[in-house]
Asker: 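Pasting a structure here, questions to come.
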Amino acid sequence: MPYLIAVLAGLLVGSFLNVCIYRLPRDLSVIRPRSFCPACEKPIAWYDNIPLLSYILLRGRCRTCGARIPLRYLLVELLTAALFVLAVVAFGATLKAVKVMILSAATVGLIFSDLEDRILPDEFTLGGLAAGLMMAVLAPMEAMLTLFVSPLQWGERWLSLGEAALGAVVTAGLLFVMGALYEKVRKREGMGLGDVKMAAMLGAFLGLWGALQALLIGSLLGSMLGLVYIKATGKKASEYALPFGSFLGVGALAVAFLKLAPV
């Protein structure tokens with residue numbers, strides 16, 4: 001039963017994430033109007049808006065105008081459902097699993113927003129930061145570095161909150177300094193504030209050690225795939241905007257699900 005609930009919840013959340021991924025970078029409300037086809041702008045009937053099933057039955061096309069529905073809609077729903085199930089497999093039917101589900105949903109939204117529009121919406125980053133701090137209290141993580149700077153009488157939940165806050169501040173600060181130095185040396189922006197806010201969100205969920213690992217994995221992955229893409233397309237490195245947030249998100253999911261750090 002927990003797995004079935006996780007699948008259904010993941011599909012529903014994934015469907016809503018698709019709305020957010022399209023609308024938030026365009027400063028559109030995610031509430032009104034109801035779902036519509038981006039090509040013909042006709043409202044989508046409820047029976048054509050069932051996660052996963054509608055895409056398959058419509059063969060990936062709008063019923064009204066026949067325009068192709070981006071494959072991203074299907075991928076986001078399937079990926080979110082899969083991550084929700086994996087959270088239950090890894091952590092059981094617990095608040096820790098819910099915490100990882102929230103992290104997964106925010107991260108999936110950020111990965112695809114960055115890939116499509118090179119934008120990391122505040123609704124995901126700052127909203128995720130608030131959720132991460134809240135879940136640090138409800139589903140405490142193991143305190144590591146916080147133990148060295150906190151009174152011994154602090155309880156588990158306060159230590160966890162301290163770990164989350166420390167992770168958010170230090171990781172975001174580190175990324176901000178790296179971006180500022182890059183901009184000073186290369187005379188062009190190398191790190192947007194969206195990446196800094198995303199780093200803060202991941203620090204709140206993963207703690208400092210986990211966020212630093214996510215940063216390392218994301219940096220290595222982004223560097224390797226970025227170079228491959230530049231070589232394959234013949235683009236100039238100075239003209240290519242690397243979707244660093246997408247790679248950072250992959251690193252965060254790896255840390256969470258491979259349990260490289262206490263979540």
Side-chain angles (χ1 to χ4, degrees), residues 1-121 123-125 127-128 131 135 205 243 245-246 249-250 252-254 256-258:
M1 183 60 72
Y3 300 114
L4 177 60
I5 294 173
V7 169
L8 294 176
L11 290 174
L12 290 173
V13 171
S15 179
F16 180 67
L17 285 176
N18 276 318
V19 175
C20 295
I21 291 166
Y22 177 79
R23 296 192 186 191
L24 291 179
R26 295 166 176 79
D27 292 324
L28 299 175
S29 170
V30 298
I31 301 174
R32 293 187 178 86
R34 64 189 179 89
S35 296
F36 59 89
C37 171
C40 65
E41 299 187 351
K42 296 292 185 181
I44 297 175
W46 68 267
Y47 47 80
D48 286 336
N49 205 24
I50 302 172
L52 186 59
L53 183 60
S54 292
Y55 189 96
I56 296 172
L57 293 176
L58 292 171
R59 298 182 180 180
R61 292 190 178 275
C62 172
R63 183 185 295 273
T64 303
C65 68
R68 182 166 294 281
I69 302 171
L71 185 60
R72 182 256 298 167
Y73 284 81
L74 181 65
L75 292 177
V76 167
E77 291 173 358
L78 286 174
L79 179 58
T80 307
L83 290 173
F84 276 31
V85 171
L86 284 176
V88 176
V89 171
F91 302 99
T94 63
L95 278 175
K96 188 156 288 190
V98 173
K99 179 180 180 179
V100 174
M101 288 177 185
I102 296 172
L103 170 63
S104 299
T107 302
V108 168
L110 287 165
I111 287 173
F112 284 90
S113 293
D114 202 26
L115 282 174
E116 287 193 7
D117 298 296
R118 298 300 191 272
I119 292 176
L120 299 170
E123 288 82 356
F124 286 132
T125 56
M135 292 308 298
F205 275 103
S246 298
V250 173
L253 293 175
F257 285 100
L258 296 178

Asker: Measuring from Ser246:OG to Leu120:CG, what's the distance to the nearest 0.5 Å?
Answerer: 7.5 Å

Asker: Rounded to the nearest 0.5 Å, what separation is found between the CZ atom of Phe16 and the CG atom of Asn18?
Answerer: 11.0 Å

Asker: Check the pair Phe257, Val100 against side-chain contact (heavy atoms from CB on, under 4.5 Å), reporting the backbone distance first and the verdict last.
Answerer: CA-CA 8 Å; Phe257 285 100; Val100 174; 3.6 Å; yes

Asker: Looking only at heavy atoms, which two atoms of Pro25 and Cys20 are closest? And how far apart?
Answerer: CD-O, 3.6 Å

Asker: Show, in sequence, the C-alpha distance, side-chain angles and deciding distance for Phe112 and Leu79, and conclude whether the side-chain contact (heavy atoms from CB on, under 4.5 Å) test is met.
Answerer: CA-CA 11 Å; Phe112 284 90; Leu79 179 58; 4.0 Å; yes

Asker: Quick one: which residue pairs count as a salt bridge (charged side-chain N to carboxylate O under 4.0 Å, His left out) with a foot in residues 107-117, not counting sequence neighbours?
Answerer: Arg26-Asp117, Arg72-Glu116

Asker: For residues Val250 and Ile111, report the shortest heavy-atom separation together with the two atoms involved.
Answerer: N-CD1, 4.0 Å

Asker: CD1 of Ile31: more than 12 outside heavy atoms within 6.0 angstrom?
Answerer: no

Asker: Hey, is the main chain of Ser29 close enough, under 3.5 Å, to the side chain of Arg23 for a donor-acceptor pair?
Answerer: yes

Asker: Taking the side chain as every heavy atom from C-beta outward, state whether Cys62 and Cys40 have any atom pair closer than 4.5 Å.
Answerer: yes

Asker: Roughly how far, to the nearest 0.5 Å, is the CD1 atom of Ile50 from the CD1 atom of Ile56?
Answerer: 11.5 Å

Asker: Of all heavy-atom pairs between Leu12 and Pro51, which one has the smallest distance, and what is that distance?
Answerer: CD2-CG, 4.2 Å

Asker: Any chance you could lay out the side-chain contact (heavy atoms from CB on, under 4.5 Å) test for Leu8 and Phe84, step after step, and finish with the verdict?
Answerer: CA-CA 9 Å; Leu8 294 176; Phe84 276 31; over 6 Å; no

Asker: Give me the atom names and distance for the closest heavy-atom approach of Val19 to Ser35.
Answerer: CG2-OG, 4.3 Å

Asker: About how many Å separate CG of Leu52 and OG of Ser15, when rounded to the nearest 0.5 Å?
Answerer: 10.5 Å

Asker: Does a side-chain heavy-atom distance below 4.5 Å link Leu110 with Pro121?
Answerer: yes

Asker: Let me confirm one number: the CZ-CD1 distance from Phe124 to Ile21, rounded to the nearest 0.5 Å.
Answerer: 6.0 Å

Asker: With rounding to the nearest 0.5 angstrom, report the CD1 to CG distance, Ile119 to Leu24.
Answerer: 9.5 Å

Asker: With side-chain contact (heavy atoms from CB on, under 4.5 Å) as the criterion, how do Val98 and Phe91 come out once you've worked through the C-alpha distance, each side chain's angles and the decisive distance to 0.1 Å?
Answerer: CA-CA 9 Å; Val98 173; Phe91 302 99; over 6 Å; no

Asker: I need the full list of side-chain hydrogen bond (donor to acceptor under 3.5 Å, both in side chains) pairs touching residues 76-101, with sequence neighbours left out, sorted by first then second residue.
Answerer: none

Asker: What heavy-atom pair brings Leu95 and Met135 nearest, and what distance separates the two atoms?
Answerer: O-CE, 3.7 Å

Asker: Does any pair with a residue in residues 51-65 pass side-chain hydrogen bond (donor to acceptor under 3.5 Å, both in side chains), and if so which ones, sequence neighbours excluded?
Answerer: Asp48-Arg63

Asker: Testing the basics here: between Val7 and Ala81, what is the closest heavy-atom pair and its distance to 0.1 Å?
Answerer: O-CB, 3.9 Å

